[in-house]
Amino acid sequence: MDPERLQRAFRLLQGWLDEGTVTAVASVVLHHGRVAGEFYGGVVSPGPEAQAVNGNSLFHIASIWKPMTALAVMLLVESGWIALDDEVSDILPGFRGAGHDSITVRQLLTHTSGLPQDPDRSQLPPDVSTFDELRTYIHALPVVPPGSKVEYSNVGHGLLGLIIETVSHQPFATFMRERIFEPAGLHDTWLAPPDHLFPRIVHVDGTLDRGSVTERFNSVYARKQTHPAGSVIATARDVARFFQMMLDNGSVEDDPAGTPTRRQVIAPATARLMSTNHTAGLRGGIEGFMTWDDCAWGLGFDLRGNKHPHFSGEYTSPHTFGHTGVSGVFAWADPVCDLVCVMLANRTLFDAWNMSHWSRFSTAVVASLC
């Protein structure tokens, strides 16, 4: 990559800070599996004593987490414990009836189950535990016929967490730590991080319940959630490592004694299948944020396909896979360029500030290729 061109892309991020669009940002760009550049700017939290953002800063990655949950499900698939086209009601008996019987595991992974984007929490206490909240999802009713469109669903990904627990006989967070975080070398990726890490966690601006004891992202309550749809806190470097693993057909590089070796975390066929389009010709997306007439989606991953506009910019290939998060974050990987781009900021998307900013930054990153 051309270092000066990449720095020009990073100057866009500095501009976001200078103009007050965000107050914290971290970015890591990998090319051919090596760090091409990093950018860190802003402060971890409001106040005069706030720490500067650096490579150890922990960001709420929100729905970038969804492909990690999807990968956990695929570990069950490649072990032969479940199949993608198994009906969810055969795994979760309480899910039977109410229009649920034809919904499959594949449809949960591709957001084609017809289930709603968000759960109905109106009858739940504000401080409901993840455990108790997820168990209400089996009663959620489809809002469109299953298989008819891509209807982005946090409810569906919550059900995937229940499937993981039911099949593995382990708590969801334990399964993720033992089967994904540790084998993949994601040592700074956390579900319900311990309190001593709190000073490293970046404050998220633009929450709709600011100051509440259950404020999204920023409260102790929020930081202790283990929701399968978006509760992980991680560094930009760990997010980049995860996406590089997917580019490398499910393998990661270790260097325990100065001699680089590769270790297979998931089967190469699993990695390839997850970034394959499973929704060709279906309309949809994230209602209220962005929809497309042909909404390509993989197993957990948002696929570039023919989407315009798209957060991965103008120059990424149709094979690009990634995800965004409402906390102000995105990550993508382009197998054609062998390029990974992670950008973690700290402003929610409810005012759509990201629409042009993200695409312009991604385009500038790809343009830095020699």
Side-chain angles (χ1 to χ4, degrees), residues 13 16-17 20-28 38-69 126-130 133 154 161 172-174 176-177 180-182 184-243 323-331 342-350 353-354:
L13 303 183
W16 301 358
L17 293 164
T21 300
V22 300
T23 58
V25 63
S27 181
V28 175
E38 296 178 283
F39 176 90
Y40 301 100
V43 292
V44 171
S45 60
E49 304 299 322
Q51 300 176 16
V53 171
N54 58 43
N56 292 320
S57 298
L58 294 164
F59 284 76
H60 291 271
I61 66 170
S63 290
I64 292 178
W65 164 230
K66 284 185 171 71
M68 298 182 186
T69 296
D127 60 349
V128 63
S129 69
T130 303
E133 179 179 343
N154 291 312
F172 176 71
T174 301
M176 296 304 299
R177 175 64 55 192
I180 295 181
F181 297 170
E182 291 177 358
L186 305 179
H187 302 307
D188 240 347
T189 298
W190 303 90
L191 275 168
D195 293 1
H196 74 267
L197 294 180
F198 282 13
R200 292 171 50 195
I201 298 175
V202 174
H203 182 274
V204 178
D205 296 329
T207 57
L208 301 181
D209 54 350
R210 182 179 177 183
S212 165
V213 295
T214 58
E215 180 184 358
R216 191 171 186 181
F217 300 123
N218 298 321
S219 64
V220 173
Y221 165 79
R223 292 175 175 182
K224 292 297 186 180
Q225 296 303 293
T226 57
H227 199 293
S231 290
V232 159
I233 297 170
T235 62
R237 290 168 179 165
D238 263 21
V239 176
R241 182 174 174 86
F242 173 78
F243 275 81
H323 217 287
T324 62
V326 74
S327 56
V329 298
F330 73 75
V342 175
M343 192 294 302
L344 308 181
N346 71 326
R347 178 177 168 186
T348 63
L349 307 184
F350 300 119
W353 71 268
N354 60 298

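Each of Val326, Val204, Leu208 was scored for a side-chain contact (heavy atoms from CB on, under 4.5 Å) with Arg216, with one residue passing: Val326.
Annotation: side-chain hydrogen bond (donor to acceptor under 3.5 Å, both in side chains) contacts of Arg241 (sequence neighbours excluded): none. Not counting sequence neighbours, the partners of Glu215 by the side-chain hydrogen bond (donor to acceptor under 3.5 Å, both in side chains) test are Thr207, Asn218. Shown here are the side-chain hydrogen bond (donor to acceptor under 3.5 Å, both in side chains) partners of Ser63, two or more places apart in sequence or in another chain: Lys66, Tyr152. Here Phe172 pairs with Trp65 under the ring pair (Phe, Tyr, Trp, His ring centres under 6.0 Å) rule; sequence neighbours left out.
Residues Thr23 and Asp205 have side chains that bring a donor and an acceptor to within less than 3.5 angstrom of each other.
Annotation: side-chain hydrogen bond (donor to acceptor under 3.5 Å, both in side chains) contacts involving residues 190-199, sequence neighbours excluded, comprise Asp188-Trp190, Asp195-Lys224. The side-chain hydrogen bond (donor to acceptor under 3.5 Å, both in side chains) analysis of residues 42-61, with sequence neighbours excluded, yields no pairs.
Scanning both residues, Val44 and Ala52, for their nearest heavy atoms gives CG2-O, 4.1 Å. Residues Leu13 and Ser27 approach most closely at CD1-CB, 3.6 Å, considering heavy atoms. Of all heavy-atom pairs spanning Ser219 and Ser212, the tightest one is CB-O, 4.3 Å.
Counting heavy atoms from C-beta outward, Val43 and Val53 have side chains that stay 4.5 Å or more apart. Under the 4.5 Å side-chain criterion, counting only non-hydrogen atoms from C-beta, Phe242 is not in contact with Phe181. Considering only heavy atoms from C-beta on, Arg177 stays 4.5 Å or farther from Leu191 through its side chain.
Side-chain N or O atoms of Arg347 include one that pairs as donor or acceptor with a backbone N or O of Thr21 at under 3.5 Å. A distance-only check finds a donor-acceptor pair linking the side chain of Asp238 to the backbone of His187 [under 3.5 Å]. Of the possible donor and acceptor atoms, none in the side chain of Tyr40 sits under 3.5 Å from a partner among the backbone N and O of Ala24.
Geometrically, Arg223 engages Phe198 in a cation-pi contact, judged by NZ or CZ lying under 6.0 Å from the ring centre and within 45° of the ring axis.
Within the model, atoms CG of Leu58 and CG of Leu344 stand 10.5 Å from one another, a figure rounded to the nearest 0.5 Å. A distance of 10.0 Å separates OG1 in Thr226 from CD in Glu133, rounded to the nearest 0.5 Å. Atom-to-atom distance recorded for Arg200:CZ and Thr235:OG1 is 7.5 Å, nearest 0.5 angstrom. Between atom CD of residue Gln225 and atom OG of residue Ser129 there is a gap of 7.5 Å, rounded to the nearest 0.5 Å. Atom CZ of Phe330 sits about 14.0 Å away from atom NE2 of His323, to the nearest 0.5 Å. Taking CD of Glu182 as the reference point, atom OG1 of Thr189 lies at 11.5 Å (rounded to 0.5 Å).
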Go through Phe217 and Thr348 one step at a time and tell me if the side chain to side chain contact (heavy atoms under 4.5 Å, CB included) criterion holds.
-> CA-CA 10 Å; Phe217 300 123; Thr348 63; 4.2 Å; yes

Given side chain to side chain contact (heavy atoms under 4.5 Å, CB included), test Val25 with Leu17 step by step and report yes or no.
-> CA-CA 8 Å; Val25 63; Leu17 293 164; 3.7 Å; yes

For Thr69 and His227, what are the C-alpha separation, side-chain angles and deciding distance, and is it a side chain to side chain contact (heavy atoms under 4.5 Å, CB included)?
-> CA-CA 10 Å; Thr69 296; His227 199 293; over 6 Å; no

